[in-house]
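Contents: one structure, followed by commentary.
Computed over heavy atoms, backbone and side chain alike; hydrogens, waters and symmetry mates excluded.
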Amino acid sequence: MFLVNDAEQIILNSVQPLDKELDVEVVDLLNANNRILANPVISPLDFPHWDNSAMDGFAVRYEDVQNSSAEQPTVLEIVEEIPAGCQPKSTIQRGQAARIFTGAVMPKGADTVVMQERTRREENRVLILAAPKLKDFVRHKAAFYKAGTELLPGGIRLNAPEIAVLAAAQCSQVSVFRRPRVAILSTGDELVTPEQPLQPGQIVDSNQYALAALVRESGAEALLLGIVKDEPTALRDAIAYAIANADVVISSGGVSVGEYDYVEQILASLGATKHIRSVAMKPGKPLTFATFPNPNSSLYFGLPGNPAAVLVTFWRFVQPTIKKLSGVAEGWEAAFVKVRSRSELRSDGKRETYIWGKLHLIDGVYEFSPAAGSQSSGNLINSTQTNALAVLPVGKTLISPGEEVQVLPVQ
């Protein structure tokens, strides 16, 4: 049985990210949200594209206005008005100014903008009522970005700011990694679909739906293989199909202790190397992780059957795997934060214990409170609205209210 951190390292060390040439596709920019940029982007454009005004006001020569004050204003002749999007027609000479608007191109000869609140206009003249600083409110060409250098690095997730930058750089199409394909199957003779009438002893397969949602939230494609009965041939066929068509295979539950040998035999017969069979965590102890060789190179996760354990083990192990596989350059590991516990948290101390609940922002400080009701791995009901997992390490049996606790945000 592996410690949780050791299991995480074994899993992540087994993950080979998608190939920067073979696993890349080109998408329109409007379809690039939440995708992983495959290669660095270099733009031929400077940002700003030209010297421009950061304020509505007057473009002036600093040497003309450096001694201006309300008592002794500098009087300048207005020779031009420059709206945004228009090219200046004049060169500002001594004693002259141009009315300019935010984003408009600076005219030749001017090196400073005086904001309009510090001026008074009288027909074709402007009175400068306060001395500006040299180059005030001027955004200089290439001050933000120089053409020909790296604009965005490969391996980052494209969200609104990155997409805005790409649009400004006129990158209407972008190369991104394809979405990882994740096959999901549920095993168990007792399982039925939500559409089937429920008979005594049967259980609705909620894990398939939870895992599909989690996989899609992680930016991957979900390949749903449905319910597979506890029968060697059916299970072997399902896993063989999954590893031939997916990067990651997730199965959940349905295998009793007495039947476990044939699952191991199936994995071995398909060329798998089994790395993990159990992890010292609660819930989630019966976790299997295996890898398959080329040409498939698939990763296999055998998750527990209990629904809360499925959520916990996905967030702890599968989600980081998908992140690394998807081409994200860094930050795949589960990211924990320390917060204050609002309630007493208990564990038997024998295994690393995960308690699901919610983070609350109270007076500027995040606090964790466990979900109400039983923290049983079979209690699906109280997992709703969960946004964090509190972690009690091995040997820690109690965290008192107000004490710090390590938490994994999950939404």
If you look at every heavy atom in [X] and [Y], which pair is closest and at what distance?
X      : Y      : answer
Ala390 : Leu345 : CB-CD1, 4.0 Å
Leu359 : Val407 : CD2-CG1, 4.0 Å
Val65  : Thr74  : CA-OG1, 4.1 Å
Ala335 : Leu408 : O-CD1, 3.5 Å
Val182 : Ala220 : CG2-CB, 3.9 Å
Val41  : Cys171 : CG1-SG, 4.0 Å

Name each donor-acceptor pair under 3.5 Å that joins a side chain in residues 1-9 to protein atoms two or more places apart or in another chain, with its distance.
from, atom 1, to, atom 2, distance (Å)
Asn5, OD1, Arg316, NH2, 3.2
Glu8, OE2, Arg316, NH1, 3.0
Glu8, OE2, Ala334, N, 3.4

Using a 6.0 Å cut-off, check whether atom [atom1] of [X] has over 12 heavy atoms from anything other than its own residue.
X      : atom1 : answer
Phe47  : CZ    : yes
Leu22  : CG    : yes
Glu122 : CD    : yes
Tyr366 : OH    : no
Glu123 : CD    : no
Lys324 : NZ    : yes

Yes or no on side chain to side chain contact (heavy atoms under 4.5 Å, CB included) for Leu158 and Leu29, after CA distance, side-chain angles and deciding distance?
CA-CA 10 Å; Leu158 298 176; Leu29 190 55; 5.7 Å; no
Evaluate the side-chain proximity of [Y] to [X]: yes if any heavy-atom separation is below 4.5 Å, no if none is.
X      : Y      : value
Thr193 : Asp205 : no
Lys285 : Lys282 : no
Val249 : Leu185 : yes
Pro194 : Tyr209 : yes
Val339 : Val405 : yes
Arg181 : Asn245 : no
Val26  : Ser175 : yes
Pro370 : Gln375 : yes

Summary of salt bridge (charged side-chain N to carboxylate O under 4.0 Å, His left out) pairs that have at least one residue in residues 109-119, sequence neighbours excluded
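Sorted result for residues 109-119: empty, none.
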Can you tell me which residue pairs pass the salt bridge (charged side-chain N to carboxylate O under 4.0 Å, His left out) test with a partner in residues 366-381, sequence neighbours excluded?
Arg340-Glu367, Arg342-Glu367
Measuring from [X]:[atom1] to [Y]:[atom2], what's the distance to the nearest 0.5 Å?
X      : Y      : atom1 : atom2 : value
Ile250 : Leu303 : CD1   : CG    : 6.0 Å
Ile276 : Thr288 : CD1   : OG1   : 9.0 Å
Leu30  : Ile163 : CG    : CD1   : 8.0 Å
Met281 : Arg351 : CE    : CZ    : 9.5 Å
Asn39  : Lys20  : CG    : NZ    : 7.0 Å
Phe368 : Glu404 : CZ    : CD    : 14.5 Å

Give the table of side-chain donor-acceptor pairs shorter than 3.5 Å for residues 81-95, with sequence neighbours excluded, one pair per line with atom names and distance.
from, atom 1, to, atom 2, distance (Å)
Ser90, OG, Glu80, OE1, 3.2

Is there a donor-acceptor contact under 3.5 Å from the side chain of [X] to the main chain of [Y]?
X      : Y      : answer
Gln208 : Gly226 : yes
Ser341 : Ser343 : yes
Tyr354 : Gly284 : no
Asn159 : Pro161 : no

Report the C-alpha distance between Asp46 and Lys146 in whole Å, list the side-chain angles of each, state the deciding distance to 0.1 Å, and finish with yes or no for side chain to side chain contact (heavy atoms under 4.5 Å, CB included).
CA-CA 5 Å; Asp46 289 315; Lys146 184 172 179 57; 4.2 Å; yes
Working note: Met106 + Val113, criterion side chain to side chain contact (heavy atoms under 4.5 Å, CB included); need CA distance, chi angles, decisive distance, verdict.
CA-CA 9 Å; Met106 286 289 292; Val113 172; 3.6 Å; yes
Pairwise ring-ring contact (aromatic ring centres under 6.0 Å, His included) hits with a residue in residues 265-319, at least two apart
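Passing the test, one end in residues 265-319: His275-Phe289, Phe289-Phe301.
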As a quick check of understanding, evaluate side chain to side chain contact (heavy atoms under 4.5 Å, CB included) for Leu223 and Tyr241, giving each step before the final call.
CA-CA 11 Å; Leu223 175 61; Tyr241 178 85; 4.3 Å; yes
So, Asn379 and Ser374: side-chain donor and acceptor under 3.5 Å apart, yes or no?
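No, no side-chain donor-acceptor pair sits under 3.5 Å.
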Say whether Arg99 and Gln116, considering side chains only, have a donor N or O and an acceptor N or O under 3.5 Å apart.
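Short answer, yes.
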Can you pull the side-chain hydrogen bond (donor to acceptor under 3.5 Å, both in side chains) pairs that have at least one residue in residues 126-144, sequence neighbours excluded?
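Those involving residues 126-144 are Asn52-Arg139.
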I'd like to know if Glu162 and Arg35 make a salt bridge, using a cut-off of under 4.0 Å between side-chain N and carboxylate O.
no
The single option from Thr384, Asn387, Asn382 that satisfies side chain to side chain donor-acceptor pair (under 3.5 Å) with Trp356 is Asn382
